[in-house]
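The sequence lines fix the lettering, A, B, ..., with proteins before strands; numbering per chain opens at 1. As the structure is a computational prediction, the values presented were derived from the model and not from experiment. Below, all heavy atoms of this structure are taken into account, side chains as well, without hydrogens, waters or symmetry copies.
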Amino acid sequence: MSFPSRDELIDFVYEEARMIDDGRFDEWLDLWTEDGYYWMPLDYKQEDPHLVTSLLYEDEFLRKLRVERLKGERTFSQKPKSRCHHVLSRPFVDEMDREKGLFVTHTPFHYVETRLDEQFLLAATARHELVLVGEELKIRLKRVDLLNSDAAFGNIQLFL
Amino acid sequence: MGRYSGNAASIEALIRPTQVHRDVYIDDEVFDLEMKHLFANTWVFVGHDSQVPNKGDYFATEIGRQPVLMARHTDGDVYVMHNRCPHKGTKIVIDREGNTGKFFRCPYHAWSFKTDGCLLAIPLKKGYKDTGLEDSEAARGLAPVGAVKNYRGFIFARLNPEGPGFDEFFGDSLSSLDNMIDRSPEGRLEVAGPPLRYMHQCNWKMLVENQTDTCHPMVAHESSAGTAVKLWESLDKPEGTTKPMAMEVIAPFMSPYEFFEDMGIRTWPNGHGHTGVHHSIHSDYSAVPGYFDQMVEAHGEERAKAILGENRHNTVYFPNIMIKGPIQQLRIFIPLAANKTLVESYIYRLVGAPDMLLQRTAMYNRLINAPTSVVGHDDLEMYERAQEGLHSDGLEWVNVQRLYAEGEDMDETAVENGTTERQMRNQFHAWKKYMTMTMGAAQ
Ligand code: FES
Ligand SMILES: [Fe+2]
């Protein structure tokens, strides 16, 4: 791949969501750059991930920890396991900066997570900042803004 | 009227020295009585005054189930009043915070109130001429709560006009709040951003008890903290690699029983208490460059060392908050129903201290207290299983017996082995006292 096409960027975003829904979390971990962050702000239009609380701001170590924990023998909140389901609207390609090698998409989506008799629905928007590492697209930043980020939630255990 | 209303003896019978009856967690009538008595007779945390820095700023919250609002008045003081129009009951504000200018104006018929709650004006006032309005309770404006105290920025209120005084209620336990505040070189905290809001399908007291439950971390959090420790080891970093901040935060949850035994628990009268008398899971955080020097400058070396040498873990202020002095956090366990509790987790900036401290605090909050937090998932799973399990008729009593000693006196401050359940017993002792204080004898 020299430079990704619009369609390739869009396919990447869909494929990522499908990996999560399929529970292919180890593959999902490989989608990120080493210094990539998975960010879910707490506040509407939050700009700072450091000096106020976020719901998530996860580096490689914390993403791995999550995935390892989901497999754990003594992970009682995952007995039984949760399942999730993404419905994406077609991603907008907001930026294709070939010079910087930076590609940005904007994807409104609905997310459903279920476990036992409970199921909940979240509406969210994902912003992917993708970069080329060698020939492969990787996620440098995935920012997920929940429509109701200021609401009270029960456990959200998988990945949006 | 059910079994418990107006029947103090039946409430007292729910608490035994080493056991509590499941109805304290699952019975709707007991819950209603908690709202009516316990949350009215005690000093309940309302908010921090940095949430209403300017005149006219307000913050809306609940004391128990009572909607209240706290506002900065033109005299510079913070007032707490019921969020209910004296005309026909409309809530004066429904957003969580904002600025109302010089007065509150009810959106229904435009009665207006000063920011201390006093009635300011009524449109078409002549309609009340000779009706005796001035003698009605409506004319007194937004009903104030029974008493308010601003303790170094932390606003507490007691709903009942009569009851224990603030100092009498908290006593020496205020040393934990003092330590948290003294960690600012300027002796001041400021709330940093909105709180995490985490809904729990369990009784609020399970959360309060868990704050000093030192025998669960290495078990319930093996899945999160244990996995973190293993993952870090598996990365096989060269000797001397600095641990990431996240590891510093999460790994101590896996400390062995001896660590928690040795950390100690202190209980104070009226249900307050804390873990981490000698050390805690917050003791070994790396130093933040420049901070100690600022503290020495502000307080002198000896005092700076004394302040930073305290590493209290969780301090419970009965009935429903917990603070962590060393990392400037406050969690409030807001009771919504016998089986429903909203947990809000706030963080504070140490005014004048390096940002790195706040960064660690924010990280701790999202790693441990968020609805998306792996540690939070571990805990909530246990609470919700307990809430369900308590409906089993196999047994009716919950055991809180660890390191019980006959003749325990909860009116005495005590320091004990860090794995004692004395603080839980202390809470129930206070619970009984403040539940029955205004209840009267059996009818
Ligand atoms: S209800 Fe508030 S003015 Fe009428
Ligand atoms: Fe816990």
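Only the backbone of B:S373 comes within contact range of chain A, with heavy atoms under 4.5 Å apart. When heavy atoms are compared at a cutoff of 4.5 Å, B:L342 approaches chain A solely by way of its side chain, counted from C-beta outward. Both the backbone and the side chain of B:Q359 come within contact range of chain A, judged by heavy atoms closer than 4.5 Å. Contact of B:H200 with chain A is not made at all, since no heavy-atom distance falls under 4.5 Å. Both the backbone and the side chain of A:L56 come within less than 4.5 Å of a heavy atom in chain B. Contact annotation for B:A246: only side-chain heavy atoms (C-beta onward) come within less than 4.5 Å of a heavy atom of chain A. Neither the backbone nor the side chain of B:L357 comes within less than 4.5 Å of any heavy atom of chain A. For B:R360, no part lies under 4.5 angstrom from a heavy atom of chain A. If you measure heavy-atom distances from A:D150 to chain B, the contacts under 4.5 Å come from both the backbone and the side chain. Of the atoms belonging to A:Q78, not a single heavy atom falls under 4.5 Å from chain B. Interface residue B:M382: only side-chain heavy atoms are found under 4.5 Å from chain A. Only the side chain of B:I347 comes within contact range of chain A, with at least one heavy atom under 4.5 Å from a heavy atom of that chain. Of the two parts of A:L51, the backbone and the side chain both hold a non-hydrogen atom closer than 4.5 Å to a non-hydrogen atom of chain B.
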> Is there a side-chain contact (heavy atoms from CB on, under 4.5 Å) between A:K71 and A:F25 once you walk through the steps?
Replying inline: CA-CA 10 Å; A:K71 304 175 191 164; A:F25 299 126; over 6 Å; no

>> Test salt bridge (charged side-chain N to carboxylate O under 4.0 Å, His left out) on B:E344 and B:R197; report intermediate values, then the result.
In response: CA-CA 5 Å; B:E344 293 190 336; B:R197 306 179 71 237; 2.8 Å; yes

>> Under the criterion side-chain contact (heavy atoms from CB on, under 4.5 Å), I'd like the reasoning laid out for B:F333 against B:R331: C-alpha separation, chi angles, the key distance, then a yes or no.
In response: CA-CA 7 Å; B:F333 311 107; B:R331 307 184 75 202; 4.0 Å; yes

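The candidate from B:M247, B:R366, B:Q201, B:H221 with the greatest count of non-hydrogen atom pairs under 4.5 Å with chain A is B:R366. Annotation: maximal heavy-atom pairing with chain A below 4.5 Å, among B:S224, B:G193, B:A370, B:P195, occurs at B:S224. When the candidates B:R385, B:M363, B:E384 are compared by the number of heavy-atom contacts under 4.5 Å with chain A, B:R385 comes out ahead. Per-residue counts of heavy-atom pairs under 4.5 Å with chain B were compared for A:T75, A:D43, A:D48, A:T53; the largest is that of A:T53. Contact count against chain B (heavy-atom pairs under 4.5 Å) is highest for A:S54 among A:G72, A:S149, A:S54, A:P49. In terms of non-hydrogen atom pairs under 4.5 Å with chain B, the most contact-rich of A:V52, A:L62, A:N155 is A:N155. For the set B:K230, B:R349, B:M356, B:R96, the count of heavy-atom pairs under 4.5 angstrom toward chain A peaks at B:R96. Looking only at heavy-atom pairs under 4.5 Å with chain A, the residue among B:L231, B:I250, B:L235, B:D355 that has the most is B:L231.
Note on ring orientation: taking the six-membered ring where Trp is involved, the planes of B:Y348 and B:Y346 are parallel (angle under 30°, cut-offs 30° and 60°).
Put simply, the side chain of B:E388 does not reach to within 4.5 Å of the side chain of B:Y383, judged on heavy atoms. Within the 4.5 Å cutoff, side-chain heavy atoms of A:P108 are placed close to those of A:H106. The closest side-chain heavy-atom distance from B:V93 to B:L69 is below 4.5 Å.
To the nearest 0.5 Å, the span separating CZ on A:F103 from OG on A:S5 amounts to 10.0 Å. Atom CG of residue A:D22 and atom CZ of residue A:R83 lie 12.5 Å apart, to the nearest 0.5 angstrom. Within the model, atoms CD of A:E113 and CD1 of A:I156 stand 7.0 Å from one another, a figure rounded to the nearest 0.5 Å. Interatomic distance, CZ of A:R127 versus OG1 of A:T107, reported as 11.0 Å (0.5 Å rounding).
No side-chain donor-acceptor contact under 3.5 Å links B:D378 and B:H216.
Aromatic ring centroids of B:F59 and B:H48 lie 6.0 Å or more apart.
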